[in-house]
Trainee: 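This structure is in structure tokens; I'll ask about it shortly.
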Amino acid sequence: MPEPKFSNQSSESNIMTAHLNADAATGIAVVTGASAGIGATYADRLARRGHDLILVARRQDVLEGVAQAIRDAYGVVVETIAADLADEADLASVASRIAGNAGITMLVNNAGIATFAPVIRTGVGAANQMIDVNVTALVRLTLAVLPGFTESNSGTIINISSVAALGEMPVTALYSGSKAFILSFTRGLAGELAATGVRVQAVLPGPVATDGWDNAGLPLSSLNPATVMSVPDCVDAALGGLDTGETITLPSVEDAATLLANYDAARFALLGASQSGTPASRYKE
Ligand SMILES: NC(=O)c1ccc[n+]([C@@H]2O[C@H](COP(=O)([O-])OP(=O)(O)OC[C@H]3O[C@@H](n4cnc5c(N)ncnc54)[C@H](OP(=O)(O)O)[C@@H]3O)[C@@H](O)[C@H]2O)c1
């Protein structure tokens, strides 16, 4: 596996403009999976807000195309890191690179993959890749930025989960499991950081029009178009949720606050009922 390649091809004038833009309130945003889909639009929107960027994905040429378009449009500094987040050496390299960068103020853990198939037909390689990218890399990169964020009592971590975290279908056991991990991890982390200035948000999109569907083996064209959101709508709504202080953002759900309150009430009722210390009567002779 080749070493991750780092590139920062901003022109001198871009760098000067970016230094004007990148004040303490914005700083550098790291976006994983930024070569396409939701991640590429996060990169665009965060640059529009004044962030310099570090963009991560495997396809260096495609990633560099996204980066250059953003430099041209907003004059911010954009660094690209070509890395496979399922590869231990690449992941360690990205983690150490961002851990040492005090200018980073935001991490968007967006990179994710799906293989929609019954578990028995998924294969060890595809299963591991889903867990490595969706779960392991997200935790590792979170751990990389967290000490700096807690030290400065600021910073934002956005974790892209999915509505698949809320319910499984026979072909989504692994994907839903990985996205449920992200939801649970983010909720727990948000609780740990509640008294600090560090922000954490989990975003749970419904279906969004990206290549991810075709890559997952379920063509986008097979979905009911009425259920599919555009990428800009999804990212703009998710950033709107961030701006209003949400920890859990469901871009496509109208009555999210009420439904989440009911969902939490049911979860915590079940958790509370589990603290009885005795087997339930149905398990007794
Ligand atoms: N689209 C939806 O309907 C939907 C719904 C809910 C949640 N989500 C979540 O949203 C996130 C983005 O999905 P998307 O639909 O935008 O997918 P996408 O269009 O397929 O883009 C995935 C991105 O992740 C990168 N990536 C994939 N594997 C990688 C790896 N091993 N190492 C580094 N980068 C990798 C890809 O770049 P390279 O190929 O260049 O590496 C690409 O930039 C994912 O976490 C996904 O689960 C999507």
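Start at 1 and go down the list; that is how both ligands and their atoms are numbered. Values reported hereafter were calculated over all heavy atoms of this structure, with side chains retained and with hydrogens, waters and symmetry mates removed.
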Trainee: Could you check which of Ser35, Ala83, Gly33 puts a non-hydrogen atom nearest to atom 33 (C) of ligand 1?
Mentor: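 The option holding the nearest heavy atom is Ala83.
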Trainee: Start with the C-alpha gap between Val76 and His51, add the side-chain angles, then the distance that decides, and say whether side-chain contact (heavy atoms from CB on, under 4.5 Å) holds.
Mentor: CA-CA 7 Å; Val76 298; His51 284 278; over 6 Å; no
Trainee: Does only the side chain of Ala137 get under 4.0 Å from ligand 1, or the backbone, or both, or neither? Count heavy atoms.
Mentor: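 Within the 4.0 Å criterion, Ala137 makes no contact with ligand 1.
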Trainee: If you count the atoms of ligand 1 from 1 in the order shown, which ones are under 4.0 Å from a heavy atom of Ala34?
Mentor: 43 (O)
Trainee: Do the side chains of Val139 and Phe181 get nearer than 4.5 Å, heavy atoms only?
Mentor: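 A side-chain contact under 4.5 Å exists here.
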Trainee: Minimum heavy-atom separation for Ser161 to Pro205, with atom names?
Mentor: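 Heavy-atom minimum between the residues: O-CD, 3.5 Å.
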Trainee: What I want to check is whether the side chains of Gln201 and Thr249 have a donor and an acceptor closer together than 3.5 Å.
Mentor: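 Their side chains do contain a donor-acceptor pair, which is all the 3.5 Å distance test asks for.
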Trainee: Looking only at side-chain N and O atoms, does Thr227 offer a donor or acceptor that is under 3.5 Å from a partner on Asn224?
Mentor: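 Checked: Asn224/Thr227 side chains show no N/O donor-acceptor pair below 3.5 Å.
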Trainee: Determine the minimum heavy-atom distance between Ser35 and Val62, stating which atoms define it.
Mentor: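 Heavy-atom minimum between the residues: O-CG1, 3.4 Å.
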Trainee: Can you find an N or O of Gln129 that's nearer than 3.5 Å to an N or O of ligand 1?
Mentor: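 By distance alone, the answer is no.
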Trainee: Using atom types as modelled and distance alone, determine if a side-chain donor or acceptor of Ser230 lies under 3.5 Å from a backbone N or O of Asp233.
Mentor: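 Checked: pair present.
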Trainee: In the protein, which heavy atom is nearest to atom 7 (C) of ligand 1, and how far is it?
Mentor: Ser161 O, 3.2 Å
Trainee: Below 4.0 angstrom from a heavy atom of Ala36, which ligand 1 atoms are there? Numbered from 1 as shown, please.
Mentor: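 Near Ala36, the atoms of ligand 1 are 43 (O).
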Trainee: Could you list which atoms of ligand 1 come closer than 4.0 Å to a heavy atom of Asp84?
Mentor: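 Here the atoms of ligand 1 in question are 30 (C), 31 (N), 32 (N).
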Trainee: Please identify which atoms of ligand 1 are closer than 4.0 Å to at least one heavy atom of Trp213.
Mentor: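 Those of ligand 1 that fall under 4.0 Å from Trp213 are 1 (N), 2 (C), 3 (O).
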Trainee: Might you work through the side-chain contact (heavy atoms from CB on, under 4.5 Å) test for Val145 and Ile157, ending with a clear yes or no?
Mentor: CA-CA 9 Å; Val145 299; Ile157 300 170; 4.1 Å; yes
Trainee: Hydrophobic clusters here meaning ILVMFWY residues chained together by side-chain heavy-atom distances under 4.5 Å, can you tell me if Leu189 and Leu183 are in one?
Mentor: no
Trainee: Run the numbers for me: atoms of ligand 1, each under 4.0 Å from some heavy atom of Gly112, listed by number.
Mentor: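 Taking each heavy atom of Gly112 in turn, ligand 1 has 44 (C), 45 (O) under 4.0 Å.
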Trainee: Give the minimum heavy-atom separation between Val133 and Ala86, together with the two atoms involved.
Mentor: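 Scanning both residues, the minimum pair turns out to be CG2-CB, 3.7 Å.
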Trainee: Please confirm whether Val208 comes within less than 3.5 Å of ligand 1 when only nitrogen or oxygen atoms on both sides are compared.
Mentor: yes
Trainee: Give me the residue, atom name and distance of the protein heavy atom closest to atom 27 (C) of ligand 1.
Mentor: Arg58 NH2, 3.4 Å
Trainee: Looking at atom 14 (P) of ligand 1, what's its closest protein heavy atom, distance included?
Mentor: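 Going by distance alone, atom 14 (P) of ligand 1 is nearest to Thr210 OG1, 3.6 Å.
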Trainee: Does Val62 come within less than 4.0 Å of ligand 1, judged by its heavy atoms?
Mentor: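 No heavy atom of Val62 comes that close to ligand 1.
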Trainee: What protein heavy atom sits nearest atom 16 (O) of ligand 1, and how far off is it?
Mentor: Ile38 N, 2.9 Å
Trainee: Where the closest heavy atom to atom 4 (C) of ligand 1 is concerned, which of Ser162, Gly206, Gly212 has it?
Mentor: Gly206
Trainee: Ligand 1 and Val133, any nitrogen or oxygen pair closer than 3.5 angstrom?
Mentor: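 Not met; the criterion fails.
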Trainee: Give me the residue, atom name and distance of the protein heavy atom closest to atom 46 (C) of ligand 1.
Mentor: Tyr175 OH, 3.6 Å
Trainee: Under 4.0 Å from a heavy atom of Ile113: which atoms of ligand 1 are those, numbered in the order shown and with their elements?
Mentor: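 Those qualifying, in numeric order: 27 (C), 28 (N).
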Trainee: Take Val231 and Cys234, measure what side-chain contact (heavy atoms from CB on, under 4.5 Å) needs, and give me the verdict at the end.
Mentor: CA-CA 5 Å; Val231 175; Cys234 174; 5.7 Å; no
Trainee: So that I can tick it off, tell me whether Glu168 and Lys179 are bridged by a salt bridge, with the cut-off set at under 4.0 angstrom between side-chain N and carboxylate O.
Mentor: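 Judged by the 4.0 Å cut-off on N to carboxylate O distance, Lys179 and Glu168 do not form a salt bridge.
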Trainee: With only distance considered, is Leu85 within less than 3.5 Å of ligand 1 through an N or O on each side?
Mentor: yes
Trainee: What protein heavy atom sits nearest atom 34 (N) of ligand 1, and how far away is it?
Mentor: Ala57 CA, 3.7 Å
Trainee: Mind checking whether Phe116 and Trp213 have parallel, tilted or perpendicular rings, split at 30° and 60°?
Mentor: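 Answer is tilted, since the angle falls between 30° and 60°.
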Trainee: Starting from atom 12 (C) of ligand 1, locate the nearest protein heavy atom and write down its residue, its atom name and how far away it is, to 0.1 Å.
Mentor: Asn110 OD1, 3.2 Å
Trainee: Is Pro207 near ligand 1, meaning one of its heavy atoms is under 4.0 Å from it?
Mentor: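 Right, Pro207 reaches ligand 1.
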Trainee: Just jot down the ligand 1 atoms closer than 4.0 angstrom to any heavy atom of Asn215, in number order.
Mentor: 20 (O)
